[in-house]
Amino acid sequence: MRLTLDGVCLSYEGSAGERVRALDDVSLALSGGVTGLMGRTGSGKTTLLEVMAGATPADSGRVRPEGPGEVGLVFQQPERQFFEPTVERETTFGLCVRGVPAPEARERAARALALMGLSLDELAGRSPLSLSGGQQRRVAIASVLALRPTLLLLDEPTAGLDPRARRACLRAVRSAADAGATVVMASHDANALAEVADRLVVLEEGRVTLDGAARELLADAPLMRAHGLEPACAARAACALRRAGVSVPGSPLTADELAGAIMAGRGRP
Ligand SMILES: Nc1ncnc2c1ncn2[C@@H]1O[C@H](COP(=O)(O)OP(=O)(O)OP(=O)(O)O)[C@@H](O)[C@H]1O
């Protein structure tokens, strides 16, 4: 699905009745791939995802989804998403109301949960709210993945996940994009975005202040810091190594790429 935003503005009412501007003239065109959305706390990421999903109307500007399929939004707090009494019902509900026969819905839910490293057989009868925080997040992601949305919006999907679950989550995000979905992932985790994002959009006080190729932006540690963001570990390490006189060619963004760059700098393939 293609998504175009044109001059989108949105304000909330603050506690003293004042207007708090959450989105300020945001224009973006998204079509395929994984777009990482970064920004300090309160910069407007969640609000932007909700506007993109059509869950919150903009005050002004236009939000135009085009193309077949549907929108899937994974909330920052999984419990905001749960409304069924069991994991089986939670993960199959969306499919069943769309007319998918129960056995197929169960199979698709089981597959989505397996992608997230969980077993439907083990969790089927459990209340989603009785699960651990990491399990809840994975069930919330699986429920949305099972619908195979063509616009997939994820708010901090790796927060609180252990390393294995985090890897599974990033693989699932990448494969959704590889299957043709347009994916937007809000995250404070530059390392996670370094692994999956094609494009990076940075919000500051509701405005887009950076928008470009994720690799280039994430590898530029001074630029990231200038925008109040923590660079990816490998980009930080590459900077420190260069300052110490070690040759680190290219723009390594992951541990493996950094190791490869150091070896290449020493003349070894
Ligand atoms: N329901 C609301 N009522 C009033 N103000 C709100 C509401 N939701 C968000 N805001 C304000 O809008 C601004 C943007 O909030 P938003 O949650 O979109 O930021 P964020 O970048 O997602 O933050 P975080 O990284 O902490 O999740 C903030 O100033 C926030 O206080």
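Whatever order the structure lists ligands and atoms in, that order sets their numbers, starting from 1. Keep in mind that the numbers below use all heavy atoms, side chains included, and drop hydrogens, waters and symmetry copies.
Within 6.0 Å of CZ on Arg111 lie more than 12 heavy atoms contributed by other residues, nucleotides or ligands. More than 12 heavy atoms of other residues, nucleotides or ligands sit less than 6.0 Å from atom CD of Glu104.
Here Arg148 does not pair with Glu70 in a salt bridge; the nearest charged N to carboxylate O distance is not below 4.0 Å. A salt bridge between Asp155 and Lys45 is absent, with no side-chain N of the basic residue lying under 4.0 Å from a carboxylate O of the acidic one.
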Task: Residue pair Ser251, Glu216: steps toward the side chain to side chain contact (heavy atoms under 4.5 Å, CB included) verdict - done: CA-CA 8 Å; Ser251 307; Glu216 270 170 42; over 6 Å; no
Tabulated below should be the N or O atoms of ligand 1 paired with protein N or O atoms at under 3.5 Å; can you produce that?
| unit_1 | atom_1 | unit_2 | atom_2 | d |
| --- | --- | --- | --- | --- |
| ligand 1 | 18 (O) | Thr47 | N | 3.0 |
| ligand 1 | 18 (O) | Thr47 | OG1 | 2.6 |
| ligand 1 | 19 (O) | Gly44 | N | 3.2 |
| ligand 1 | 21 (O) | Ser43 | N | 3.1 |
| ligand 1 | 21 (O) | Ser43 | OG | 3.3 |
| ligand 1 | 21 (O) | Gly44 | N | 3.0 |
| ligand 1 | 21 (O) | Lys45 | N | 3.0 |
| ligand 1 | 21 (O) | Lys45 | NZ | 2.8 |
| ligand 1 | 22 (O) | Thr46 | N | 2.8 |
| ligand 1 | 22 (O) | Thr46 | OG1 | 2.8 |
| ligand 1 | 23 (O) | Gly42 | N | 2.9 |
| ligand 1 | 25 (O) | Lys45 | NZ | 2.7 |
| ligand 1 | 25 (O) | His188 | NE2 | 2.9 |
| ligand 1 | 27 (O) | Gln76 | OE1 | 3.3 |
| ligand 1 | 27 (O) | Gln76 | NE2 | 3.4 |

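Using a 4.5 Å heavy-atom cutoff, the side chains of Phe82 and Gln136 are in contact.
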